[in-house]
Amino acid sequence: MNGAKLLIKLLEEEGTQVVFGYPGGTVLPVYKALYASKKIRHIRTSHEQGAAHAADGYARVSGKTGVCIATSGPGATNLVTGIANAYMDSVPTVFITANVSLSLIGTDSFQEVDITGITMSVTKHNFMVKSLDELAPTVRAAFKIANTGRKGPVLIDIPKDILEGEIRTISEEPLDDFVNIKGKKFQPEEAVLSEAVKLIDSSLKPVILAGGGIKGSNAAESIIKLAEKINAPVCCSLMAIGEIPYSHELYVGNPGVYGNSEANEALEKCDLIIAVGTRFSNRTAVEKHLKDKSCKVIHIDTDRAEIYKIIKPDCYILSDAQEAVCALEKSVQPHGKWYSGSLKIHEIDDVLKAVHDTFGDDVYIVTDVGMHQMWVAHGYPFEIKGRFITSGGLGTMGFGLGAAIGVQTAHPDKPVVLITGDGGFLMNCNELATVKRENLPIITIVVNNGKLGMVKSMMKSSRGSGFTKIKGAPRFASLARAFKIKGFTIKNGKEFAQHAAEIKEKKIPAVFDLIRR
């Protein structure tokens with residue numbers, strides 16, 4: 001077989017069922033081999049960035065590795081934002097790009113680009129395959145690295161002559177050096193666990209701060225058990241929202257710059273923060289709660305690079321979150337309740353209520369980035385973990401529709417609702433063509449306020465805020481109809497509900513232009 005056929009065979013061996021991508025000249029050998037595969041479905045998006053976000057969204061909800069394919073040059077560079085997004089949010093993805101032939105590398109030939117150099121800082125690791133013998137061990141290593149330890153994206157760049165070259169023997173040798181360095185899984189040390197137990201037992205006002213790392217390790221249930229045993233309020237970073245049920249009496253919400261008062265108050269009053277799978281981003285703003293007070297910190301993370309990066313903890317546990325939290329829960333002493341506050345969704349917005357009433361708890365809510373994102377994070381009553389899909393670390397406008405395509409592909413029988421802003425939607429609305437082509441019943445709600453709301457709130461001068469106005473935007477319902485998708489203009493939750501019931505029953509896509517000016 002040639003290199004391209006071997007690549008598809010290796011993807012099949014890794015359990016890949018779906019790949020997202022966009023064809024082009026140098027990657028055509030892969031597409032020829034992919035066309036012959038009976039195990040892998042290919043979804044062609046309208047743009048490579050949409051494919052990258054789709055692979056990201058698919059990986060977040062499927063438990064599988066997201067796979068994305070692009071051609072050389074602009075095809076590869078169009079993936080970069082999606083790769084960076086997956087890197088910041090620790091999503092297991094493998095990106096495969098073709099490149100010009102080895103003899104042309106470094107000559108500035110047509111559609112040549114050094115994609116491994118470009119993506120070095122936003123991948124767990126990246127490879128350029130320089131011989132046919134390297135292809136099999138490289139692909140196997142990429143999947144292992146993407147899924148071991150702190151998860152994240154890996155890129156494989158394959159020159160066209162490697163894809164077309166004939167191979168007679170397949171190497172079974174793994175690239176152990178790379179896997180050991182980039183994919184190491186740490187076990188909690190007994191001595192460190194004992195130190196953490198002492199800190200917890202001696203605390204009077206503990207708080208648990210859960211980050212996105214609890215999703216990858218499936219640690220939510222263990223955190224709830226620990227919280228209940230020591231009566232610790234639980235705060236969740238944006239990436240962990242929805243992992244702890246909103247109705248749980250110990251859940252106090254999302255802290256930080258765009259957080260809610262209950263979470264920030266709990267952090268202000270506590271004497272111990274048990275931070276699990278969080279990197280203490282500046283939006284979480286935990287540092288301000290540690291100034292001028294004797295609050296101690298236990299930091300649990302699987303990535304050594306996050307330890308001491310922002311906060312100097314009194315004790316750190318380098319470990320998988322679930323394993324560490326389970327070990328602590330078994331060893332600590334019960335505590336009495338110290339914090340009387342609880343999360344209050346003061347009055348759920350009528351549109352969010354209509355979404356919840358229509359679809360119940362078992363719905364995937366995807367957002368873009370902006371004020372609507374915070375609106376959903378604070379106002380939607382998530383009860384089932386893993387149902388809130390958003391761009392956290394990179395804050396990528398344009399993430400939403402591509403990610404919703406990936407989520408709906410992973411769960412074709414589940415409702416998927418994308419809530420986006422008029423600014424974010426204009427960055428990715430071309431993917432409505434993919435939604436229609438693949439017949440994906442995604443419901444999109446565009447919060448149309450005629451401005452870049454979050455950017456405007458950041459700008460000091462009224463003159464400067466004029467740049468945030470969205471002038472000449474299309475009628476989004478009419479735009480949807482141009483893609484042969486149902487489109488509605490609405491002003492409130494009642495009007496949404498009138499149309500949503502029919503859309504839900506027919507399992508067809510729709511766009512709701514929600515006027516909020």
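Computed from a predicted structure; not experimentally measured.
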When rounded to the nearest 0.5 Å, the distance separating NE2 of H378 from OH of Y258 is 10.5 Å

Residue pairs meeting salt bridge (Lys or Arg N to Asp or Glu O under 4.0 Å), one or both in residues 357-384, sequence neighbours left out, come to K353-D357, D362-R387, D362-K414

Those residues at least two apart in sequence (or on a different chain) that pass salt bridge (Lys or Arg N to Asp or Glu O under 4.0 Å) with K296 are none

Give a yes or no on this: more than 12 heavy atoms of other residues, nucleotides or ligands lie within 6.0 Å of atom NZ of K507. no

Compare all side-chain heavy atoms of L238 with those of Q373 and state whether any distance is below 4.5 angstrom.
yes

Less than 4.5 Å apart, any side-chain heavy atom of I405 and any of V407? no

Exercise for review: Go through the side-chain N and O atoms of D320 and T302 and say whether any donor and acceptor fall under 3.5 Å apart.
Suggested key: no

Open item on the list: Main chain of K64, side chain of S62: is a donor-acceptor contact present, judged purely on distance under 3.5 Å?
Closed with: yes

Checklist line | Verdict with supporting geometry, T45 and T434, side chain to side chain donor-acceptor pair (under 3.5 Å) | finding: CA-CA 5 Å; T45 56; T434 310; 5.4 Å; no

The side chain to side chain contact (heavy atoms under 4.5 Å, CB included) partners of V363 (sequence neighbours excluded) come to F359, I365, Y380, P415, V417

Taken in chain and number order and not counting sequence neighbours, the residues that satisfy salt bridge (Lys or Arg N to Asp or Glu O under 4.0 Å) with R60 are D56, D89

Y246 and H248 aromatic centres sub-6.0 Å: no

Checklist entry - Does the side chain of L328 reach to within under 4.5 Å of the side chain of L193, using non-hydrogen atoms? => result yes

Here the pair of heavy atoms bringing A403 nearest to V366 is CB-CG1, 4.0 Å

Is the distance between the ring centroids of F280 and H299 under 6.0 Å? yes

Rounded to the nearest 0.5 Å, the NZ atom of K39 sits from the NZ atom of K9 at a distance of 9.0 Å

Interatomic distance, CE@M397 vs CZ@F425, rounded to 0.5 Å, equals 12.5 Å

S237 and T278 side chains, donor-acceptor separation under 3.5 Å: no

* Output, in order, the C-alpha distance, side-chain angles, deciding distance and verdict of side chain to side chain contact (heavy atoms under 4.5 Å, CB included) for E262 and Y339. => CA-CA 10 Å; E262 295 89 350; Y339 184 70; 4.3 Å; yes

Between the CD1 atom in I241 and the CD1 atom in I389, the distance rounded to the nearest 0.5 Å is 12.0 Å

Q | L318 side chain near D303 side chain, heavy-atom distance below 4.5 Å | A | no

Handout entry: Under 3.5 Å side-chain donor-acceptor pair for E12 and S37
Key = yes

Closest heavy-atom pair, I317 versus A324, reported as atoms and distance to 0.1 Å, is CG2-CB, 4.0 Å

Contacts satisfying ring pair (Phe, Tyr, Trp, His ring centres under 6.0 Å) that involve residues 314-338 (not counting sequence neighbours) are Y308-Y316

Rounded to the nearest 0.5 Å, the NE2 atom of H42 sits from the CD1 atom of I69 at a distance of 6.0 Å

Looking only at heavy atoms, the pair that brings I224 and P245 closest together is CD1-CD, 3.9 Å

Going by heavy atoms in the side chains, are T420 and I445 under 4.5 Å from each other?
no

Test log, rule side chain to side chain contact (heavy atoms under 4.5 Å, CB included), inputs T367 and F388: CA-CA 8 Å; T367 76; F388 180 49; 3.7 Å; yes

Applying salt bridge (Lys or Arg N to Asp or Glu O under 4.0 Å) to K269 and not counting sequence neighbours gives E265

Report yes if some heavy atom in the side chain of I145 is under 4.5 Å from a heavy atom in the side chain of F127; otherwise report no. yes

Point to revise | L514 vs V446, side chain to side chain contact (heavy atoms under 4.5 Å, CB included): CA-CA, chis, key distance, verdict | key: CA-CA 6 Å; L514 173 61; V446 184; over 6 Å; no

Closest non-hydrogen atoms of G256 and N264, given as atom of the first, atom of the second and distance, are N-OD1, 2.9 Å

- Query: Sub-3.5 Å donor-acceptor pair from the side chain of E134 to the main-chain atoms of P137, do we have one?
  - Reply: no

Sorted by chain and residue number, the side-chain hydrogen bond (donor to acceptor under 3.5 Å, both in side chains) partners of S90 (sequence neighbours excluded) come out as R150

Worksheet entry | Stepwise side chain to side chain contact (heavy atoms under 4.5 Å, CB included) test for F143 and T16 | CA-CA 10 Å; F143 275 83; T16 303; 3.8 Å; yes

Applied to residues 195-221, the salt bridge (Lys or Arg N to Asp or Glu O under 4.0 Å) test, sequence neighbours excluded, yields E221-K385

message: Between K504 and T358 (side chain of the first, backbone of the second, donor and acceptor by atom type, cut-off under 3.5 Å), is there such a pair?
response: yes

Residues at least two apart in sequence or cross-chain that pass side chain to side chain contact (heavy atoms under 4.5 Å, CB included) with C326, listed by chain then number, are S222, Q322

CD1 (I419) and CG (L352) are apart, to the nearest 0.5 Å, by 5.5 Å

Sorted by chain and residue number, the salt bridge (Lys or Arg N to Asp or Glu O under 4.0 Å) partners of K337 (sequence neighbours excluded) come out as none

Requested in this report: May I ask you to check whether over 12 heavy atoms, not counting those of E13, lie within 6.0 Å of atom CD?
Outcome: yes

Tightest non-hydrogen contact, residues I156 and I158, listed as CG2-CG1, 3.8 Å

Heavy-atom nearest pair, V276 first then I214, reads O-CG2, 3.7 Å

Q. Counting distance only, does the side-chain N/O of N85 pair as donor-acceptor with the main-chain N or O of T81 below 3.5 Å?
A. no

Contacts satisfying salt bridge (Lys or Arg N to Asp or Glu O under 4.0 Å) that involve residues 225-250 (not counting sequence neighbours) are none

Keeping E431 on the side-chain end and H47 on the backbone end, is there a donor-acceptor pair under 3.5 Å? yes

For this session: Measure from the side-chain N and O atoms of D271 to the backbone N and O of L204, and report whether any donor-acceptor pair falls under 3.5 Å.
Result: yes

Hits for side-chain hydrogen bond (donor to acceptor under 3.5 Å, both in side chains) against T116, two or more places apart or cross-chain, chain-then-number order -> D114

- Query: For the side chain of D157 and the backbone of M128, is there at least one donor-acceptor N/O pair under 3.5 Å apart?
  - Reply: no

Note to self: Just so I know, are the side chains of R140 and E14 near enough to count as touching, which here means a heavy-atom distance under 4.5 Å?
What the structure shows: yes

Is the backbone of I200 close enough, under 3.5 Å, to the side chain of S203 for a donor and an acceptor to pair up by distance? yes

Worksheet item: Do I443 and P509 come close enough that some side-chain heavy atom pair is under 4.5 Å?
Response: no

